[in-house]
Amino acid sequence: MNGIRLSDLVERLGGQLIGNADLEVTGIAPLEHANANSITFLSNPKLRKKACETQAAAIIIRNCDVEFIQQSSFLGTLIVVDNPYVFFAKSAQWFAEQNRRRTSAGIHLSAVVDPSAQIAASAVIGPFVCIEADVVVEENVQIDAGSFIGYASKIGADSHIHANVTVHHDCRIGKRAIFYSGAVIGSDGFGFANESGRWIKIPQTGGVLIGDDVEVGANTCIVGVAGSAVIGRYCTFGGAAMILGHLTIADNVHVSSGSLVSRSIAEPGQYTGFYPLAKNADWEKSAAIVRNLDGMRDKLRALEKTVQRLVDAGHRSTSEDN
Amino acid sequence: MNGIRLSDLVERLGGQLIGNADLEVTGIAPLEHANANSITFLSNPKLRKKACETQAAAIIIRNCDVEFIQQSSFLGTLIVVDNPYVFFAKSAQWFAEQNRRRTSAGIHLSAVVDPSAQIAASAVIGPFVCIEADVVVEENVQIDAGSFIGYASKIGADSHIHANVTVHHDCRIGKRAIFYSGAVIGSDGFGFANESGRWIKIPQTGGVLIGDDVEVGANTCIVGVAGSAVIGRYCTFGGAAMILGHLTIADNVHVSSGSLVSRSIAEPGQYTGFYPLAKNADWEKSAAIVRNLDGMRDKLRALEKTVQRLVDAGHRSTSEDN
Amino acid sequence: MNGIRLSDLVERLGGQLIGNADLEVTGIAPLEHANANSITFLSNPKLRKKACETQAAAIIIRNCDVEFIQQSSFLGTLIVVDNPYVFFAKSAQWFAEQNRRRTSAGIHLSAVVDPSAQIAASAVIGPFVCIEADVVVEENVQIDAGSFIGYASKIGADSHIHANVTVHHDCRIGKRAIFYSGAVIGSDGFGFANESGRWIKIPQTGGVLIGDDVEVGANTCIVGVAGSAVIGRYCTFGGAAMILGHLTIADNVHVSSGSLVSRSIAEPGQYTGFYPLAKNADWEKSAAIVRNLDGMRDKLRALEKTVQRLVDAGHRSTSEDN
């Protein structure tokens, strides 16, 4: 592991040091796992007490937490920043970058690259990669073993295509993309017209457009359909989230894992839609009721009417009494 | 883009032309995206007004919409057909076929094909394809880069296996199959027997049978288990739909995206089962209630009894009054 | 198909034979599909009648079912065991093992293996496999075509990595693992810090640890995140089940297919959470109510109060009457 002096880290990422600036650290870890060679961070105020007991060489904290930590038994260094979680992310990036195995630029002997493809000299093309005609691969792109780039597609500079990814033809991928293994980009959508009970396939005619700085998780499918999904900026979709076609998703929409988006979303925010997990026996009960929720609603309505009649009758009887 | 004269298109796919039959078009697009080189279609009656404003060279329409469009400012050609959506699908197929990059028949030098495999002379086998012993690949099959066909499997004529597909051993795939990238066919099912707390694996003993004209989406898994799932004809399953084993699904069943089929389905129709998406805060509320739905039902029942008692008491009191 | 004499099978797997011990069988099948060359099993008591009509050469049964079957028209052999389903699993394993195509040990000529990797002499490395630096592959491991093993990862003895699997760097896989096609192990988790609306990626710094005897289904993603998911022993997760990060799952937890685990699970048992499938029209109704369940709860509460007032009024009026 390559290390870094705390003073160098702060010079690189900002922040104010309180304590020993010459300490060298080799990694970053959560409060409870950090040791004397690593830094940690305090982002959630609920973890203040835990932070006092960390074995880390240094804690990244907000200004408002400094006094609390200084009055504790923690004797290490403090790095005071506006947003400890962001500082953690950037430190982790720095360590990951240091420890990344670098492959030298060039095309592996076993790769099959069409002569018409334009591959930047700084790109790394791994074993068994297949690149079809008229593909453009920009500077510093890394394409790992077994990936496939279909004809006329373009991979933007500084992108990393992990092993066994498939990018179909006519896709345009922006800069700094990260596609994880098993991702499939630009496969045909699910379009069929019904002719007297027989399904007639509607082929994909366009390609997929992906902007800059997009990360696509392992085994994710991004599928283009005519006149189809438009996804805004800064959106995030958790694992196994699913977006139906022909929808428009606003900027800054965050969809929780396992949720299905079946309508357009116009308003930013966090959206969720998965069935709450329960012990199987309890789920059996709740699922049976969910199946018959309109029966329950009808009973409730009937009851409301009956009660209203009783209330009215009570009033009348009270009036009559008077 | 290769184009086609409208008269040739109609000769090929049927329909009646009103207007300029000599126009050449190069593609098909939705009403709002079509331009002077493309045709469009009016299938949904709600879009009639939109259709009048399209920039398309021609509109595919039903007879009943002709008069409405002719009275509008649209001056292009009309193609009158029974089912515009089907005509759109078939036109899109024609354009896709024209613009498809063709690879010449034969086995790529880098492919590894067992000598016992029978590969039709018209088949196209891409780079890094691995074909095991006793596989049969029929006429006009295309298998793209990185795909794997396990021993004793058979791929029916005119099928297209996209890049990075895995077909395990002993699978029989019908004619005109389309398998998209990342699809896995015939992997072991999820079968285990429990012996005093320890799981004993039940291996797959049969292969997967897939009939003619089946399309399998990207990263779909089709998994065979002994005596297991039987799926009828003309069925469709949306993305991320899931079918448990040992079930029988009737013909003409359509399962919505993201839905899980946990029981056999005997009756044709559209079936759905996903949790409705909501703002996260609203979901938290509804999910908490779903978890305790039987509590709610119990309260409703108790209330029904109480109200019934009140009603009965009212009757009695009324009877006594009389 | 290689066969086995019933007496040899019982010698191997235990159980008591009643009938012809010299019969040779070539496979195992469900009650209704078994024929004179195969054995079958009776595990579910509800299927006793069906068992009497099976065409199988022999039935694996519990002692308590022997009398019932002997009084029926079934004239074949009985194999009496404590747990017929476990005996079925073990028999199926034996048949699968017999009929498995064996590949001779060694590294396929087309594979790309870094010189620093240690590959056991008994391992089988298929075509187009890519093995990076410092990887360790133990005895009797089989890695099928197109799979990728990232640097410094280790694959435990007797494991089988099927075609087109991706194992990222620094993963440690236990003995007897079975990874099916399309599985991705050790891809980056979904971690981002938000800096003034911009997402800062949190890279994965650890690898994935997988114990002995773990089976991972086709296209499953196992994703490591710092300080993240810990899964106990003997757990099972059905297809399309999903486990969020930073959770702890106890031993012997079984999660049903299509269910999402969003909280830690401390207690063993079967857990389920998917929306029950329904005809689409019925689902539309129930989903609309689910969206507004708290409205329904509020109405129920209001009603409870009103009814309570009526009850109280009734009491008062009764008291006043007296």
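Just so it is clear, the values below take in all heavy atoms, side chains as well, and ignore hydrogens, waters and symmetry mates. Below, chains carry the letters A, B, ... as their sequence lines are ordered, and counting in each starts from 1. Treat the numbers as computed from the prediction; the structure is a model and nothing was measured.
- Ranked by non-hydrogen atom pairs under 4.5 Å with chain A, the options B/Asn292, B/Asn83, B/Val290 are led by B/Val290.
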Which atom pairs, one a donor and one an acceptor, fall under 3.5 Å between side chains of residues 162-173 of chain A and the rest of the protein, sequence neighbours left out?
unit_1, atom_1, unit_2, atom_2, d
A/Asn164, ND2, C/Gly146, O, 3.4
A/Asn164, ND2, C/Thr166, OG1, 2.9
A/Thr166, OG1, B/Asn164, ND2, 2.9
A/His168, NE2, B/Ser181, OG, 3.0

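- For B/Thr26 and B/Asn37, the side-chain atoms include no donor-acceptor pair closer than 3.5 Å.
- Of the two parts of B/Asp294, the backbone and the side chain both hold a non-hydrogen atom closer than 4.5 Å to a non-hydrogen atom of chain A.
- Residues B/Asp144 and B/His160 bring a donor and an acceptor atom of their side chains to less than 3.5 Å of each other.
- Only the side chain of A/Ser256 has a heavy atom closer than 4.5 Å to any heavy atom of chain B.
- Looking at A/Leu303, the atoms closer than 4.5 Å to chain B (heavy atoms on both sides) all sit in the side chain, from C-beta outward.
- Interface remark: B/Tyr234 contributes backbone and side-chain atoms alike to the contact with chain A (heavy atom separation under 4.5 Å).
- With chain A as the partner, the residue from B/Glu32, B/Arg263, B/Gln308, B/Glu97 showing the most heavy-atom pairs under 4.5 Å is B/Arg263.
- Ion pairing between a basic and an acidic side chain is recognised when a charged N comes within 4.0 Å of a carboxylate O; B/Asp213 and B/Arg176 show such pairing.
- Checked against the 6.0 Å centroid threshold, B/Tyr85 and B/Phe41 count as a close aromatic pair.
- Note that CG of B/Leu277 and OG of A/Ser259 are 5.5 Å apart. Values are rounded to the nearest 0.5 Å.
- Note on B/Lys279, B/Arg101, B/Arg291: by heavy-atom pairs under 4.5 Å with chain A, the leading option is B/Arg101.
- A/Ala111 touches chain B through its backbone: at least one of N, CA, C or O sits under 4.5 Å from a heavy atom, while the side chain does not.
- For the options A/Tyr151, A/Tyr275, A/Trp283, heavy-atom pairs under 4.5 Å to chain B are most numerous at A/Tyr151.
- Partners of B/Asp282 by salt bridge (Lys or Arg N to Asp or Glu O under 4.0 Å), not counting sequence neighbours: none found.
- With a 4.5 Å cut-off on non-hydrogen atoms, A/Ala302 does not touch chain B at all.
- Although no hydrogens or angles enter the test, the distance criterion places a donor-acceptor pair under 3.5 Å between the side chain of B/Asp251 and the main chain of B/Arg233.
- Contact count versus chain A (heavy atoms, under 4.5 Å) is highest, among B/Gly273, B/Gly258, B/Pro127, for B/Pro127.
- Of all the listed residues (B/Ala278, B/Ala145, B/Ala96), the one sharing the greatest number of non-hydrogen pairs under 4.5 Å with chain A is B/Ala278.
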